Amino acid sequence: MAASKPGAKDLTQGPIASTLLLFAIPTLASNILQSLNGSINAIWVGRFLGAQALAATANANIIMFLMFSVVFGFGMASTVVIAQAVGARDLDAARRAFGSAVGFCSILGLGVAIAGWIGAPALLRLLATPVEAFDMALIYLRVIFIAMPATLLSVMMMMGLRGAGDARTPLIFMIVSVAIDLILNPVLILGLGPIPAFGIAGSAAATAAAGFVSLIGLVAFTYAKDLPLRLRGQELAYLRPAADQMRVLVGKGLPMGLQMIVMSASGLVMIGLVNREGLLVTAAYGAAQQIWTYLQMPAMAMGAAVSAMAAQNVGAGRWDRISRITGYGMSYLLAITGAMILIILLFHASLLALFLGGNQAAIDAAWNMQLLASWSFLLFGCTMILFGVMRANGVVVAPLVILTFTLFGVRLGFYELAYPSLGANALWLSFPAGSLASFLLAAAVYAQGGWRKAKLMVPVHEEECREAINCESEPAGRIAPAG
């Protein structure tokens, strides 16, 4: 095995508590920046171009989310493989995994860009985009698709770097991307000085420019600082996706991407049910959702950090540290999310007024939702920690099955059974019901321990690869045997 390159963050040594926290904070900051950027851009579009333009971007963003869900899955799969290789002190294997992921993502991005440009009208019709917003949505979506290769590649590279233990570099270039986007949005929408006003196309162009500049900067920084995953000389051949690497990326990445799609689909179903309660409740729910978006961030950030750290320790054979990583991850999650819930509940009136103005009836309705549902994000976060640790050893099907069952079976089942007696409160209480079921099932799978026998890493030697693929493991963690 090759020695670990200086500069690669070793997550297998030293105190677990401080290392995990310092590793998770940049990821959490990146998530917050990204969400704030989206919110501010929506304000620019809504204020400057009106409701039709805002509806256009909302419809286009649904399509973009689906694209990112798939790439997120591939990115998480590569993150775990890279982390296991770094933990095993096999930098060449980490570069192979990184190269295949970047090469595959480049091909995928180009394909999506071409297909998206051609198929954008059909996609918008499929979403039943309002006629008034159709033309704007088409312009916005096509410009975004042009930037898709750079955007997806940036996401993949940032996730790969986190797998190597580097959460700082992705944060730096997330800041660069957000800053460029925020500055260019009003300039290109309204026009400034010699720059003409591009309207909705300007908003999309600002996001596209931010993506391209961030990617170029990220690549340049990677080579200037000689980061561990940079590819040189013969290593550039790793950019050609290898069959063994692709089996892992696709076999593990698709279920992880589907997890995001399942969560999004469940959210769409919930919106449909909320809409039945009337405009006031729908407006209140929209405001509550804006706040809940931020409550989910510690779960996603800590889950990703725990997964990368656990994967490095799995690669290093440090199973003695895995349970403590899980414990510290849950402790931090409960502390951070708990503090956020407390702040939100204490200052609920002021926060909700940001979205609902002086509509006291809507504020009261949103306050009721928060009281009944906000605490469920503690359970949701603990579930994401358990999923992250299991994902570190390649187990991805079990979490997908659990999420699908609880988000649709338990949550909607609770709603159907409780609605006659609880009315709209059945909707808000279905959140903790589903989250509790997810946590109990995830804890049962984690405690059972079969996930520890799974195999994910793609060994360098063909013989080792066959052994890893064909070894006995639980079906949820097994790589599909080669034909």
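Keep in mind the model is a prediction, meaning the values are calculated, not measured. Residues: numbered from 1 along the sequence shown.
Between N393 and W319, the closest side-chain pair of non-hydrogen atoms falls below 4.5 Å. Looking at heavy atoms from C-beta onward, W375 lies out of side-chain contact with Q370 at the 4.5 angstrom threshold. Residues S307 and V389 are not in side-chain contact: their nearest non-hydrogen atoms beyond the backbone lie 4.5 Å or more apart. For the pair M263 and L403, the minimum side-chain heavy-atom distance is below 4.5 Å. Two residues are said to be in side-chain contact when any heavy atoms from C-beta on lie closer than 4.5 Å; V155 and F74 fail this criterion. For the pair M157/L215, a side-chain contact is recorded, criterion being any heavy-atom separation below 4.5 Å from C-beta on. A heavy-atom distance below 4.5 Å is not found between the side chains of F98 and M156. Residues P228 and V86 have side chains not in contact (no heavy-atom distance under 4.5 Å, counting atoms from C-beta outward).
Closest heavy-atom contact between A210 and S177: CB-O, 3.3 Å. Nearest heavy atom pair, residue A301 against residue A24, reads CB-O, 4.4 Å. Taking both residues in full, the closest heavy atoms of F387 and Q259 are given as CD1-OE1, 4.5 Å, listed atom of the first, atom of the second, then distance. Nearest heavy atoms, M158 versus M174: CE-N, 4.0 Å. Of all non-hydrogen atoms in G165 and L11, the two that sit nearest each other are CA-CD1, 4.2 Å. Scanning both residues, L188 and A205, for their nearest heavy atoms gives CD1-CB, 4.0 Å.
A donor-acceptor pair under 3.5 Å links the side-chain atoms of R142 to the main chain of W117, judged by distance alone. A donor-acceptor distance shorter than 3.5 angstrom exists from the side chain of Q84 to the backbone of A392, with no hydrogens or angles considered. Using modelled atom types, one side-chain atom of T383 and one backbone atom of F439 make a donor-acceptor pair closer than 3.5 Å. Not one N or O on the side chain of K252 forms a donor-acceptor pair closer than 3.5 Å with the backbone of A77. Judged purely by atom type and a 3.5 angstrom limit, S266 has no side-chain atom pairing as donor or acceptor with the backbone of V262. Here the side chain of R391 pairs no donor or acceptor atom with the backbone of V80 at under 3.5 angstrom. Of the possible donor and acceptor atoms, one in the side chain of Y332 sits under 3.5 Å from a partner among the backbone N and O of A17. With Y446 contributing its side chain and L441 its backbone, the two residues share no donor-acceptor pair below 3.5 Å. Side-chain atoms of N313 never come within 3.5 Å of backbone atoms of I322 as a donor-acceptor pair (strictly under, hydrogens ignored). For T79 (side chain) and G163 (main-chain N/O), no donor-acceptor pair under 3.5 Å exists by modelled atom type.
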**Request:** Decide yes or no on side chain to side chain contact (heavy atoms under 4.5 Å, CB included) for E235 and R230, but give the supporting numbers first.
**Result:** CA-CA 9 Å; E235 293 170 340; R230 78 356 172 218; 3.1 Å; yes

**Asked** Could you go step by step and tell me if L20 and M302 meet the side chain to side chain contact (heavy atoms under 4.5 Å, CB included) rule?
**Response** CA-CA 9 Å; L20 177 60; M302 192 60 67; 4.2 Å; yes

**Message:** Evaluate L227 against F221 for side chain to side chain contact (heavy atoms under 4.5 Å, CB included), listing each step before the verdict.
**Reply:** CA-CA 8 Å; L227 298 184; F221 186 86; 4.1 Å; yes

**Request:** Could you walk me through whether L36 and Y294 pass side chain to side chain contact (heavy atoms under 4.5 Å, CB included), step by step?
**Result:** CA-CA 10 Å; L36 285 173; Y294 292 92; 3.4 Å; yes

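Counting only residues at least two apart or in different chains, side chain to side chain donor-acceptor pair (under 3.5 Å) contacts with residues 143-158 are absent. Listed by first then second residue, pairs satisfying salt bridge (Lys or Arg N to Asp or Glu O under 4.0 Å) with a partner in residues 320-332 read R318-D320, not counting sequence neighbours.
Taken to the nearest 0.5 Å, the OG1 atom of T404 stands 4.5 Å off from the CG atom of L400. Summarising the geometry, atom CG belonging to L123 is positioned 11.5 Å from atom CD1 belonging to I118; distances are rounded to the nearest 0.5 Å. For the atom pair L249 CG and F104 CZ, the distance stands at 7.0 Å (nearest 0.5 Å). Between atom OG1 of residue T293 and atom CD1 of residue I32 there is a gap of 12.0 Å, rounded to the nearest 0.5 Å. Here the straight-line distance linking atom OG1 of T12 with atom CE of M309 works out to 8.5 Å at 0.5 Å rounding. Here the CG atom belonging to L161 is positioned 10.5 Å from the CD1 atom belonging to I172, to the nearest 0.5 angstrom.
Side-chain contact of S438 with T406: a donor-acceptor pair under 3.5 Å is present, judged by distance alone. At a cut-off of 3.5 Å, with distance as the only test, a side-chain donor of N185 or S203 sits close to an acceptor on the other residue.
Using a cut-off of 4.0 Å between Lys/Arg side-chain N and Asp/Glu carboxylate O, K225 and D166 are scored as not salt-bridged.
Residues forming a side chain to side chain donor-acceptor pair (under 3.5 Å) with S374 (at least two apart in sequence, or on another chain): W292. Residues passing the side chain to side chain donor-acceptor pair (under 3.5 Å) test with T19: none are found, sequence neighbours excluded. Looking at residues two or more places apart in sequence or on another chain, you find no side chain to side chain donor-acceptor pair (under 3.5 Å) involving S106. With sequence neighbours excluded, no residue forms a side chain to side chain donor-acceptor pair (under 3.5 Å) with S78.
Annotation for Y328: atom OH does not count as buried by contact number, only 12 or fewer foreign heavy atoms lying within 6.0 Å.
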